[in-house]
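A short worksheet on the structure shown next.
Because the structure is a prediction, the values reported are computed rather than measured. So you know, we letter chains A, B, ... as the sequences are listed, proteins then strands, and number each from 1.
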Amino acid sequence: MTTLSVPSEDSKTAQVTDADLIRGVKEGRRECFDQLVLRHQRRVYAITRQMTSHHQDADDLAQEAFLAAYRAMERFDERQSFSAYLCRIAINLSINHLRRRKRWLKIWTKSREEAGDRTMGGKAVSPQKQLEQKELLSRLEKAMDALPAHQKAVLVLKVHQEMSYQDIAQTLKISLGTVMSRLHRARRHLRSQLEDLL
Amino acid sequence: MRCHKIKKLLDPFLDGELSEEKRQEVIDHLEGCSSCRQRLEALQEVETLSQQLTQAEPDEAYWQTFLPRLREKITRSEQAPAHRRIREAFGDILTPPIPWVRIASAVATAVLVFIIGRAVFQHEARMRRISALPKKLLTEQVQTAEENRKYQEDGAKQQGKSALSTTLKPREEMDQEESEMGMAPAPEESPEEKRSPEQLPSESRSTPDQELPSVSEAVPRTQPTPGGEVAPSTRQEPTESADQVVQFEIQDMEGKKRDFLFLGRAAEKTSAVTSMAMADKDSHADHWHQQIQIWQDFIEAHPRDEQLAGAYLQLADGWYHLAQLSTLHEDLLQAVEAHRAALDFATETTTRRLLRSRIQVLEKMLEKK
């Protein structure tokens, strides 16, 4: 479990866990929740951003995820992983958002326009190679666009959050087999879409 | 291990999720299988590309505003009314994101409300009708008895005429009438005697004051004598009619009970016309005209065949007596026409026989003309 130095009034140097902070929130200490936010905000945002590919949507969903977590804090069992809990909220909100807005196509089209923002791994490549990479990424975006939300969620957690199968299963509250099958189907779909270029 | 088993393990192999033993099995297989190697390379390339497809990280300014904005939202949320907090918490459930689900929900709710409302309304109306039924029947019986009494006092000098009794003619009288007309006595019962409650036509409701009476599929209340004079039929006592009404009330359904009572009242009115005709011979032609007019209006107003059958019989009866009184060619032709129309609707054997015999009488009169 993640640990950090907590700016507590009692001992600013003490190492506290998420569970400690959650207990603090339950006791009415708002600053404990602030600490939880500071600790997990980047990860939550990364998930929502990968899922939506849109900064404003990702920001809204990340804020919404923390708000939902705060509302449910009284009922949350601190023995469980708060990180996994937050991820689950963020993923579910993102899935609902994608279904509601039906904006996949727009999102990925827009993301292509924002290609300049995207990092390419920092490797020095020839112009021809860059062109090929661009074409590949463009095709990959389209392929991602067509992925079902649940498959995309598993892919995001695995590829971008580098979570283990077990953690993904725990986060999304699905079985290990479901994680593997969704991941396999997602990758098979992507590969089939890029087959002629690989 | 075979290729199809290895294919299933390539994803976990790539993700480092295999046990050491399984991992070694995959490596051993890949060394000797080029197709599985190619598959793994393609997987790795897709994975690499996917990892490259990262989104731009927001700058630090963004992260400095993230927590204050969240705090503000939390504060607003805590100050919001309870119903708004519920809506925010369960927004997706309360307002489904997909438009057609929202539309379908609205339509389903409307249909459900309509069905339930209609069922409740029908049930209440039915209960009201049932609870009101005995009172209505009682009222109508009293009204009928009162009208009978009035007609008896008014003009119908002869026999105390009950309305329903005009439609119920004794078998002996029928036989006598037909023998007088040169016909063999009918082997069947008279239509009135045979008529069951189900055969009685249903009518529209009318008050005693209304001019348009209801109709029964009944034979005429008066029969011609061989001399062409109109003689009143023998009638049963009003108490017998009342008994029958009560009996039918028990046997029949609610609507038919009402029809029967109105049928009695309609016949009563026609009977009054007949009685008055007998009382005032100078003006009885006008009374037959009145009867004809009543039933013609009724035929125009009523589309139901079961009612039309009785109405055409009454109309034919009116024309028959009028034609015999006036002996005008025009009236005789109208009478024949009315009898043929009534014949089209009549189903009772005796009634049809009577209509045919009258047509013969009328045609003979026409020949003489």
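Top candidate by heavy-atom pairs under 4.5 Å with chain B, chosen from A:Q166, A:R187, A:R188, A:M180, is A:R187. Each of A:L38, A:D59, A:L155, A:L183 has some count of heavy-atom pairs under 4.5 Å with chain B, and the biggest count is that of A:D59.
Only the side chain of A:V37 comes within less than 4.5 Å of a heavy atom in chain B; its backbone stays farther off. For chain B, no part of A:A72 is nearby; none of its heavy atoms comes within less than 4.5 Å.
In this view, A:R30 and A:Y70, B:E78 satisfy the side chain to side chain donor-acceptor pair (under 3.5 Å) rule, not counting sequence neighbours. Taking B:D28 as the reference, B:Q24 meet the side chain to side chain donor-acceptor pair (under 3.5 Å) condition, with sequence neighbours excluded.
Here the CD-OG distance, from A:E64 to A:S94, works out to 9.5 Å after rounding to the nearest 0.5 Å.
Residues A:A186 and A:L147 approach most closely at CA-CD2, 3.8 Å, considering heavy atoms.
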